[in-house]
Amino acid sequence: MTHAVHDLGGQPAGPIEFAEHERTFFDQRVDAMMRILAHPEHGHYTVDAMRRAVESLPENQYFELGYYERWVRAIKQLVVEKGLLSEDELNCKLAALRSEQRPA
Amino acid sequence: MSGDHHHPHGDKAHDHDSHAPVSEAHDISSESALLERALRELLIEKNIFTAGDLRRQIELTESRTPELGAKVVARAWTDAQYKARLLADAKPAIENLLGIDLNLTPELTVVENTAARHHVICCTLCSCYPRAVLGIPPAWYKSPEYRARVVREPREVLAEFGTQLPDDVEIRVVDSTADMRYMVLPLRPRDTGHLSEQELIALITRDSMIGVSVLAGSQY
């Protein structure tokens with residue numbers, strides 16, 4: 001039987017891990033960005049589009065990435081799809097941020 | 001993706017073995033942090049939203065806590081008419097009681113635990129949760145382990161939370177979706193008739209409104 005990567009119901013899995021992860025600024029910002037962009041008033045995309053983007057991540061990425069890491073990739077996919085940002089703009093920005101971070 | 005196919009190239013450490021137990025990483029990579037910053041700065045530069053919008057959204061999200069759900073539960077325990085309205089149509093009943101706007105919240109249903117039937121909520125597909133009344137879901141709720149197992153072996157999963165229910169209590173696992181969320185109305189503990197609504201609120205835990213635990217003094 002085939003099933004989509006996110007369709008976990010009934011799959012084998014280990015014990016529940018109870019450690020609460022610290023909620024980071026990263027988590028908060030990604031969560032807020034997703035909510036603002038998916039807000040019906042702005043209409044940039046819907047929650048369903050967001051889920052489609054998260055659920056279409058390659059299987060290895062889905063499990064390797066943390067929860068909000070999946071979300072940030074989904075946001076990237078959707079803002080490019082919707083034409084809010086271009087792939088080029090994003091790549092330039094990422095390159096600029098990387099060179100900023102590199103020690104002199 | 002096939003759940004059954006085998007990866008012939010065992011050298012790929014990044015392949016997820018579909019027969020291995022599901023689990024996920026927790027650390028945020030620098031790549032993810034960089035991507036978040038790039039998106040945020042560009043979207044603010046382009047006036048898609050402002051830094052103030054982002055801050056207000058974070059504040060709104062953080063303001064939602066299980067205390068809200070507890071207020072709803074305590075009122076339902078003490079006011080039979082309110083409980084009937086809550087179970088029939090949860091959103092207006094919650095909006096009226098708490099004075100919050102649930103216009104943008106997906107459908108919300110409150111499921112009642114009784115001595116004969118216990119409910120536990122989950123979201124096997126992602127992380128849908130009644131955030132409007134319980135806040136941010138705990139990490140374990142979003143974990144592959146909880147999502148995968150609670151629908152197949154709820155009693156075993158509840159036992160890991162220290163929750164043992166008599167065998168004759170039916171357990172219903174309620175799977176949430178992006179469009180429909182659930183909150184559990186836990187069983188009212190015995191001998192709490194003399195407590196005020198405020199005192200009752202203090203007894204009600206987040207986990208009892210998810211259904212992974214029962215309140216101390218619950219009688220089956």
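By convention in this document, chain letters (A, B, ...) are assigned in the order of the sequence lines, proteins followed by strands, and residues within each chain are numbered from 1. When reading the values below, keep in mind they use all heavy atoms of this one structure, side chains included, and skip hydrogens, waters and symmetry mates.
Put simply, the side chain of B:Pro138 reaches to within 4.5 Å of the side chain of A:Glu20, judged on heavy atoms. Contact annotation: the side chain of B:Glu45 never approaches that of A:Glu89 to less than 4.5 Å [non-hydrogen atoms, C-beta and beyond]. Put simply, the side chain of A:Ile16 reaches to within 4.5 Å of the side chain of B:Arg149, judged on heavy atoms. A 4.5 Å side-chain heavy-atom check between A:His21 and B:Lys142 finds every atom pair outside the cut-off. A:Leu37 has its side chain within reach of B:Leu43: a pair of non-hydrogen atoms, C-beta onward, lies under 4.5 Å apart.
For A:Phe25, no part lies under 4.5 angstrom from a heavy atom of chain B. Contacts between A:Ala96 and chain B at a heavy-atom distance below 4.5 Å are absent for every atom of the residue. Both the backbone and the side chain of B:Arg37 come within contact range of chain A, with heavy atoms under 4.5 Å apart. Neither the backbone nor the side chain of B:Glu153 has a heavy atom closer than 4.5 Å to any heavy atom of chain A. Interface residue A:Asp7: backbone and side-chain heavy atoms are both found under 4.5 Å from chain B.
Between chain B and the residues A:Arg73, A:Gln28, A:His44, A:Arg29, the most heavy-atom pairs under 4.5 angstrom are made by A:Arg29. Ranked by heavy-atom pairs shorter than 4.5 Å toward chain A, the options B:Asp53, B:Thr61, B:Leu104, B:Leu60 are led by B:Leu104. Considering only heavy-atom pairs separated by less than 4.5 Å from chain B, the leading option among A:Arg51, A:His39, A:His6 is A:His6. For chain A, the option among B:Phe161, B:Phe49, B:Tyr146 with the highest count of heavy-atom pairs below 4.5 Å is B:Phe161.
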Assess whether side-chain contact (heavy atoms from CB on, under 4.5 Å) is satisfied between A:Leu85 and B:Leu39, documenting all intermediate values.
-> CA-CA 9 Å; A:Leu85 300 178; B:Leu39 286 166; 4.0 Å; yes
Between A:Arg98 and B:Glu31, does a salt bridge (charged side-chain N to carboxylate O under 4.0 Å, His left out) hold up when you go through it step by step?
-> CA-CA 10 Å; A:Arg98 275 194 197 96; B:Glu31 196 54 36; 2.8 Å; yes
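A distance-only check finds no donor-acceptor pair linking the side chain of A:Glu17 to the backbone of B:Trp140 [under 3.5 Å].
Summarising the geometry, atom CG belonging to B:Leu35 is positioned 12.5 Å from atom NZ belonging to A:Lys93; distances are rounded to the nearest 0.5 Å. Remark: B:Cys122 SG to A:Leu8 CG distance equals 11.0 Å, nearest 0.5 Å. The distance from the CD atom of B:Glu36 to the CD1 atom of A:Ile75 is 8.5 Å, given to the nearest 0.5 Å. Considering CG of B:Leu125 and CD of A:Glu55, their distance stands at 6.5 Å, rounded to 0.5 Å. Atom-to-atom distance recorded for A:Trp71:CH2 and B:Cys126:SG is 8.5 Å, nearest 0.5 angstrom.
Contact record, B:Ala38 with A:Leu94: CB-CD2, 3.7 Å, taken as the closest heavy-atom pair. Taking both residues in full, the closest heavy atoms of B:Ser32 and A:Val72 are given as O-CG1, 4.3 Å, listed atom of the first, atom of the second, then distance. Here the closest heavy-atom approach between residue B:Ala178 and residue A:Asp48 is recorded as CB-OD1, 4.3 Å. Smallest separation of non-hydrogen atoms from B:Ile58 and A:Ala32: CG1-CB, 3.6 Å. Smallest separation of non-hydrogen atoms from A:Gln11 and B:Ala148: O-CB, 3.3 Å.
The local environment of CZ in B:Arg131 is crowded, with over 12 non-hydrogen atoms from other residues, nucleotides or ligands closer than 6.0 Å. The local environment of NZ in A:Lys76 is sparse, with at most 12 non-hydrogen atoms from other residues, nucleotides or ligands closer than 6.0 Å.
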